Amino acid sequence: MVEKSGASGGTNDRGRVAWFNGRILPERDVRVPFRDRSFKYGDAVFDLARTFKGVPFRLVEHVERLYHSLSYVQIDPGISPKRMLEITHEVLEANRGLLGPHSDYWVGQRISRGLDPVDGETPEHDGPNVIIECTPIPFLSRARGFRDGLNVIVPSVRRVPPDCLSPRAKTHNYLNLVMGDLEARARDPEAWAVLLDVNGNLCEGLGSNIFLVRDGVLVTPRVDFVLPGVTRETVIGLALDAGIPVAEQDTALYDAYTADEVFLTSTSLCICPVREINGVAPAASAVPGPVTKRLMDAFSELVGMDYVAQYLAHLSPTAGQAREPAGSPQKATA
Ligand code: PMP
């Protein structure tokens with residue numbers, strides 16, 4: 001088999017760099033040893049913000065959430081939040097020039113507990129492994145969601161309950177959400193899974209929060225059962241500013257099936273309308289419905305660019321496509 005990384009220069013990272021335990025390196029030289037506990041157990045946390053026209057949005061909030069996740073799993077990264085922010089800006093600066101047209105980055109941090117030592121041997125690296133990186137957002141593979149609305153499927157797999165592992169911490173252990181996603185994508189390769197919690201209420205998906213609009217009220221599951229999405233908080237703020245009432249409450253499938261509008265939020269998606277959930281279309285005749293559209297417009301205004309147009313630009317035959325490898329994952333966690 002042909003060696004595809006390292007000195008052979010076979011990676012396709014377009015020259016991006018990342019910060020790895022104190023140094024900015026070409027991505028291909030960031031090598032986490034196989035005894036790292038993140039690889040073995042998912043024993044790590046991460047957070048990702050996104051850029052709009054190369055400028056990070058709500059990075060401070062993302063770094064705050066990162067440190068909450070670190071406290072929850074009791075990992076000390078050995079770096080202050082202030083320094084983490086500074087390095088994140090440095091990494092973004094180093095990669096900014098590589099952004100293609102209509103493109104933007106996820107920019108974030110990944111911190112594992114470190115290596116499991118072998119008895120009697122000195123580990124090659126002591127303490128946590130810290131990576132700060134930029135990843136191009138897969139606009140092309142997600143753009144159809146903005147044209148047609150997303151197809152949401154609720155799989156049989158339930159979300160791990162908060163008394164087993166808090167969903168409020170963003171850890172590298174996504175297998176529960178991955179299992180839900182596999183089930184949904186087996187039915188429709190473009191579907192987005194939204195899992196139920198163990199009580200049978202709507203919960204969240206692999207990288208997204210869910211919102212319904214019912215009788216003019218914006219409804220979303222309580223934060224006790226979901227990751228407190230930075231986008232979720234942003235959208236709640238935009239709704240309240242626009243005089244749209246918000247209810248954070250247990251949300252049954254019944255509520256979704258009888259909703260006027262449904263949408264998902266995440267760092268990369270911002271707000272993306274849902275065209276059907278388990279084959280049931282929301283009552284509003286348009287996708288996005290009027291309240292969703294209002295919030296999407298407000299979101300674009302807040303971030304200083306038309307983020308929907310940025311997605312849709314990738315559907316035109318001339319724009320952006322060359323920048324994104326065909327194998328880009330359709331789903332990611334933000
Ligand atoms: N839930 C989960 C499980 C997630 O991984 C994400 C992505 N971070 C979200 C919700 C949405 O959060 P945010 O808006 O901060 O991206």
Side-chain angles (χ1 to χ4, degrees), residues 38 42 44-52 56-70 72-73 88 104-111 133 135 137-138 142 145 150 152 154-155 157-162 164-182 184 192-198 201-212 218 220-239 246 248 251 262-272 274 295-296 299 302-303 307 329-334:
S38 175
V45 300
F46 75 112
D47 218 294
L48 295 171
R50 73 156 276 183
T51 61
F52 292 94
F57 180 67
R58 306 244 151 134
L59 185 56
V60 171
E61 286 83 344
H62 282 279
V63 169
E64 264 172 21
R65 187 172 67 184
L66 175 76
Y67 277 79
H68 287 149
S69 300
L70 284 163
Y72 176 68
V73 301
T88 305
D104 266 300
Y105 284 131
W106 274 303
V107 53
Q109 312 80 17
R110 302 182 179 278
I111 298 143
E133 50 108 355
T135 300
I137 294 174
R142 293 168 172 214
L150 300 172
V152 167
V154 178
V157 178
R158 298 292 177 96
R159 186 83 177 102
V160 171
C164 295
L165 186 68
S166 177
R168 295 162 72 181
K170 199 163 161 62
T171 76
H172 266 193
N173 190 332
Y174 266 63
L175 205 47
N176 170 234
L177 293 159
V178 169
M179 293 306 292
D181 218 44
L182 284 174
W192 287 63
V194 172
L195 280 63
L196 301 178
D197 65 26
V198 285
N201 293 307
L202 280 168
C203 195
E204 63 184 343
L206 193 154
S208 62
N209 291 113
I210 186 164
F211 283 83
L212 316 177
L218 197 57
T220 195
R222 287 189 285 139
V223 83
D224 313 50
F225 293 98
V226 299
L227 185 81
V230 172
T231 323
R232 177 185 179 280
E233 293 306 308
T234 305
V235 168
I236 289 173
L238 288 174
V246 179
E248 296 177 63
T251 309
V262 181
F263 62 84
L264 300 186
T265 64
S266 82
T267 289
S268 55
L269 289 177
C270 308
I271 301 171
C272 191
V274 168
L295 290 168
M296 290 168 82
F299 201 99
L302 180 69
V303 300
Y307 78 90
Q330 190 201 346
K331 305 295 184 299
T333 55

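Not measured: the values here are computed from a predicted model. One-based numbering, in listed order, for ligands and for the atoms of each.
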Item to check | Contacts of Y72 that satisfy ring pair (Phe, Tyr, Trp, His ring centres under 6.0 Å) - sequence neighbours left out | outcome: none

Checklist outcome for this item: Taking only non-hydrogen atoms of T231 and a 4.0 Å limit, the atoms of ligand 1 in range are 13 (P), 14 (O)

Next on the checklist: With heavy-atom distances below 4.5 Å as the criterion, would you say the side chains of F52 and C270 are in contact?
Outcome noted: yes

Item to check | Sub-4.0 Å atoms of ligand 1 with respect to non-hydrogen atoms of L177 | outcome: 3 (C)

Checklist entry - Donor-acceptor pair, R110 side chain versus F46 backbone, under 3.5 Å? => result no

Checklist outcome for this item: In this structure, CD of E248 is separated from CZ of F225 (nearest 0.5 Å) by 13.0 Å

Checklist entry - Under 4.0 Å from any heavy atom of E204, which atoms of ligand 1 are there? => result 1 (N), 2 (C), 3 (C), 10 (C)

Item to check | Reference residue L195; test side chain to side chain contact (heavy atoms under 4.5 Å, CB included); the match among I210, N176, V160 | outcome: N176

Next on the checklist: Under 4.0 Å, counting heavy atoms only: does E233 come that close to any atom of ligand 1?
Outcome noted: no

Item to check | Residue T267 vicinity, atoms of ligand 1 by number, heavy atom under 4.0 Å | outcome: 13 (P), 14 (O), 15 (O), 16 (O)

Checklist entry - Would you say V226 touches ligand 1, if touching means a heavy atom closer than 4.0 Å? => result no

Checklist entry - Is the gap between the ring centers of Y307 and F57 under 6.0 Å? => result no

Checklist entry - If you measure from each heavy atom of P228 to ligand 1, is any distance below 4.0 Å? => result no

Next on the checklist: If the cut-off is 4.0 Å to any non-hydrogen atom of V230, which atoms of ligand 1 fall inside it?
Outcome noted: 13 (P), 14 (O), 15 (O)

Next on the checklist: Under a 4.0 angstrom heavy-atom cut-off, which atoms of ligand 1 come close to G229?
Outcome noted: 12 (O), 13 (P), 14 (O), 15 (O)

Item to check | Atom indices of ligand 1, in the order listed, that fall short of 4.0 Å to a heavy atom of Y174 | outcome: 3 (C), 4 (C), 5 (O)

Item to check | Shortest non-hydrogen separation from T220 to T251 and the atoms involved | outcome: C-OG1, 3.8 Å

Checklist outcome for this item: Within 4.0 Å of some non-hydrogen atom of S266, the atoms of ligand 1 are 14 (O), 16 (O)

Checklist entry - So, the side chain of S69 versus the backbone of A169: is there a donor-acceptor pair under 3.5 Å, distance only? => result no

Checklist entry - How does S208 reach ligand 1, if at all, at less than 4.0 Å between non-hydrogen atoms: by side chain, backbone, both, or neither? => result backbone

Item to check | Any N or O of K170 closer than 3.5 Å to N or O of ligand 1 | outcome: yes

Checklist outcome for this item: For V274 and F263 the tightest heavy-atom approach is CG2-CA, 3.9 Å

Checklist entry - Given that the side chain starts at C-beta and the backbone is N, CA, C, O, which of these parts of L206 lies under 4.0 Å from ligand 1, counting heavy atoms, or is it both or neither? => result neither

Checklist entry - For ligand 1, is there an N or O atom under 3.5 Å from any N or O atom of R65? => result yes

Checklist entry - So, does T51 use its side chain to make a donor-acceptor pair with the main chain of Y105 at under 3.5 Å? => result yes

